[in-house]
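Right, one structure below, let's go through it.
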Amino acid sequence: MVSIPVGSSWPRVNLPGIAVAGVAVVLAVLANRAVPAVSPAVFAVIGGAVLGNLGLLGERLRPGLRFVSKRVLRTAIVLLGLQIALPEVLALGPQTLAVVVVATGVTFVLTPIIGRRLGVHPGTALLLATGVSICGAAAIAAMHATLGERSADERSAETDEEQADAASALSAVVLYGSLAIVALPLAASWLGLSDRQLGLWTGASVHEVAQVAAIGAAAGASVLAVAVIVKLARVVLLAPMVAMTAFRLRAAADPEPAAGTAKPPIVPLFVGGFLALMVVRSLGWVPPTVIEATPLVTNALLAAALFGLGAGIDVKALLRGGRKPMLLGAVATVLISGVSLLGVLLLG
């Protein structure tokens, strides 16, 4: 951990790293415009990992990068709640919502169990389960932040193993979500699915919002409209999934923690913020201009946070242990795709 000289001001310590993360966000957004199927957050985490492993991010930048990978990340997850209007989600109907909940829940529960059988580290398996079942990089980042909330005094502490967990999960989500952009439309054509069925299947199974949008944009406006709303229904499940994990961590914590430490919170504060802003948006209290700007701001903050996270990834360690997590990612992807497809076919 970088030591901060006594008397150093917060801006002097943190601004260099924050400024570099800001530049990375601009470059990630430009890269996303060239390749819309890959979100700025994914470009950012790759850039952070490359620069970090090349030794181009010096110790002077570390405090600011830690700040964006933790505090800015929580802000991005909170703002994600403004993108969800519950009336639009509920308008999908109980049967469609049941398909979403079952596919998401089955994948989230079974992936860690399968991971244990494959010998995948529990942290990696949980992050993979979250990313595949809910919303890719954003979900992985939210769960990663929750796993790091051991106590209020230790939020900046993070082991190499935890960084490797996040890196493995992100790698699998990017790979298999990208493959889905090609595979799902081909499979839908072979199965004779209607536009609505393709939209439902896409929204219920594809990992990243950007990947869902890419399939919808290529398949047509009717597919895109359904796919995005179904995808947002999955994003709603982020809060209960993270909250349940936080509750389980708290239950498993030492019942009598040492002096100066505290149990993890029952519900992380940023999850409460996410739910609060979702309610505010659903009640119609948010001006249209704010709703339009929110995705841009959220994506930028998330990209900054994941750049900071990527900067701490040891690529050599990731490559040494990467086969089993990639296999688990494939299994989880097939699982959510199969369960959601079965639901779509049953709906007719």
Side-chain angles (χ1 to χ4, degrees), residues 39 41-42 44-46 48-49 69-70 73-74 76-77 80 104-150 155 157-177 206-209 211 234-235 237-249 252 264 268 270-271 274 302 305-315 317-319 321-333 335-336:
S39 68
V42 171
V45 74
I46 293 172
S69 69
K70 297 181 183 301
L73 168 62
R74 289 166 172 79
I77 299 302
L80 190 61
T104 300
V106 167
T107 306
F108 185 78
V109 170
L110 292 185
T111 299
I113 296 173
I114 297 169
R116 285 199 296 270
R117 296 292 184 89
L118 294 176
V120 176
H121 186 267
T124 301
L126 176 60
L127 294 178
L128 263 172
T130 310
V132 171
S133 64
I134 304 177
C135 56
I140 290 171
M143 188 63 78
H144 184 257
T146 300
L147 294 177
E149 299 221 22
R150 299 171 195 80
R155 287 177 183 170
E158 190 163 49
T159 66
D160 292 340
E161 190 173 65
E162 289 167 336
Q163 292 280 22
D165 289 342
S168 298
L170 285 165
S171 299
V173 163
V174 172
L175 173 61
Y176 297 117
V206 177
H207 308 336
E208 287 272 344
V209 174
Q211 294 158 353
R234 285 168 67 194
V235 177
L237 298 175
L238 176 63
M241 295 292 191
V242 171
M244 285 190 300
T245 301
F247 182 80
R248 182 168 56 82
L249 291 174
F270 70 90
V271 173
F274 170 90
L302 187 60
L306 287 178
F307 178 79
L309 177 64
I313 292 172
D314 184 342
V315 173
L318 173 62
L319 293 176
R323 290 184 180 179
K324 290 181 179 179
M326 296 305 286
L327 175 58
L328 180 60
V331 172
T333 299
L335 183 60
I336 194 169

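Summarising the geometry of Ala332 relative to Thr107, their closest heavy-atom pair is O-CG2, 3.9 Å, with the distance given to 0.1 Å. Across Ile77 and Ala138, no two heavy atoms sit closer than the pair CD1-O, 3.6 Å. Contact between Ala142 and Val242 at its shortest, heavy atoms only, is CB-CG2, 4.4 Å. Residues Thr124 and Ser168 come closest through the heavy atom pair CG2-CB, 3.7 Å. Nearest heavy atoms, Leu306 versus Ala41: CD1-CB, 3.4 Å. In terms of heavy atoms, Ser133 sits closest to Ile336 at CA-CD1, 3.7 Å.
Across Leu309, Leu126, Thr130, a single residue satisfies side chain to side chain contact (heavy atoms under 4.5 Å, CB included) together with His144, and that is Leu309.
Proximity of Leu170 to Val42: side-chain heavy atoms (C-beta onward) are nowhere separated by under 4.5 Å. Using a 4.5 Å heavy-atom threshold, the side chains of Lys70 and Arg74 count as touching. Side-chain atoms of Leu335 and Val132, non-hydrogen and from C-beta on, never get closer than 4.5 Å to each other. Contact of the His207 side chain with the Thr333 side chain is registered, since non-hydrogen atoms from C-beta on lie closer than 4.5 Å. Taking the side chain as every heavy atom from C-beta outward, Phe270 and Leu80 never approach each other to under 4.5 Å. In this structure the side chain of Ile134 never reaches within 4.5 angstrom of the side chain of Met143, judged on heavy atoms.
In this structure, the separation between CD1 on Ile114 and CZ on Arg117 is 9.0 Å, given to the nearest 0.5 Å. Atom-to-atom distance recorded for Ser171:OG and Leu128:CG is 9.0 Å, nearest 0.5 angstrom. Distance check: Leu237 CG to Met244 CE gives 8.5 Å after rounding to the nearest 0.5 Å.
Between the side chain of Tyr176 and the main chain of Val331, no donor-acceptor pair closer than 3.5 Å is present. Not a single donor-acceptor pair under 3.5 Å links the side chain of Glu208 to the backbone N or O of Val174. Side-chain atoms of Arg234 do not come within 3.5 Å of backbone N or O of Cys135 as any donor-acceptor pair.
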